[in-house]
Each structure stands twice: as C-alpha cells, then as structure tokens.
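Note that ligands are numbered from 1 as they come in the structure, with each ligand's atoms numbered from 1 the same way. Along the sequence shown, residues carry numbers from 1.
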Amino acid sequence: MLKVEHIGIAVKALEQSIPLYESLLNTSCYKTEVVDSEKVNTAFFRQGDTKIELLESTDPEGVIARFIDKKGEGIHHIAFEVADIEAEMARLRAEGFTLLNETPKKGADHKLVCFLHPKGTHGVLVELCQEIR
Ligand code: ZN
C-alpha cells in the first residue's frame, strides 16, 4: 500500500462539522460530494499528503447513520491508497482477509474503493482506494 490516503470521520451534520474542521485544521474544505450509492454527503480537507473525509448520512438507515447510532460520531475508517486495487484485493483475499466488496466500486473523490471487514482487522474498517485513471 502506498500511504494513508485519508481518514474517514462519521459526523451528524456537515453544516456544523465543516466549520469546526476548517478551524481545527486551519484549512478550507476543498470539496463536498454526494455519494448516492453509499447514502453519504462527504467533505474533504487536505492535510499534507493525507486527507480528512467527513461523512454525513443522507438516509436514517444508511451505514453512517447506523454507525453513529451504535458508536456515536468519530473515526469511521482508514483508507490506504493502492496502485492496483484488483491486485491488492487478490493479495488480501489470499492472506485470509474478508473483503466487503467482491469487485471495486466507485467511491467519492474519483476513486475505486473496496472495504475490508473490521472483524478481520482488529476492529478497524479499512478502505483500499485507487485513483481512477
Ligand atoms: Zn473513505
């Protein structure tokens, strides 16, 4: 894996969280994007070579809404950038990790993504992401 591409944080309301993170990081949110397939609104901040992705549910039954119901707001996933997502998925599958997606899917920020089941990673939801070329 190349680097930590971003850290995903589940929030109740971007309206409150964007200004808070702008003030925390001393940088402006450079992009918001709705990802319909995941039922989330996302907001991105650059921090050096890494990004912070805020995730707000657009649906009370969405994965982020359910995460917040269970655990409250907070860190939701860590995303690692990979050069070849299909190859990395095959490698991790062979290593015995459980992938939550059979094939890469289109995520926010012009990426192909795949998630690993947190039960196999000591409770951390791991996202693999590859820039769509
Ligand atoms: Zn992410």
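- Side-chain polar atoms of E53 and H76 form no donor-acceptor pair below 3.5 angstrom.
- At distances below 3.5 Å, not a single donor-acceptor pair connects side-chain atoms of E88 with backbone N or O atoms of A83.
- In this structure a side-chain-to-backbone donor-acceptor pair under 3.5 Å is missing from N41 to E56.
- The Zn ion (ligand 1) is the vertex of the angle joining NE2 of H77 and OE1 of E127, which measures 80° to the nearest 10°.
- A donor-acceptor pair is defined here as one N or O able to donate and one able to accept, closer than 3.5 Å; no such pair exists between the side chain of T32 and the backbone of A43.
- The name of the N, O or S atom in E53 nearest to the Zn ion (ligand 1) is OE1.
- The Zn ion (ligand 1) has an N, O or S atom of H6 under 2.8 Å away, backbone or side chain.
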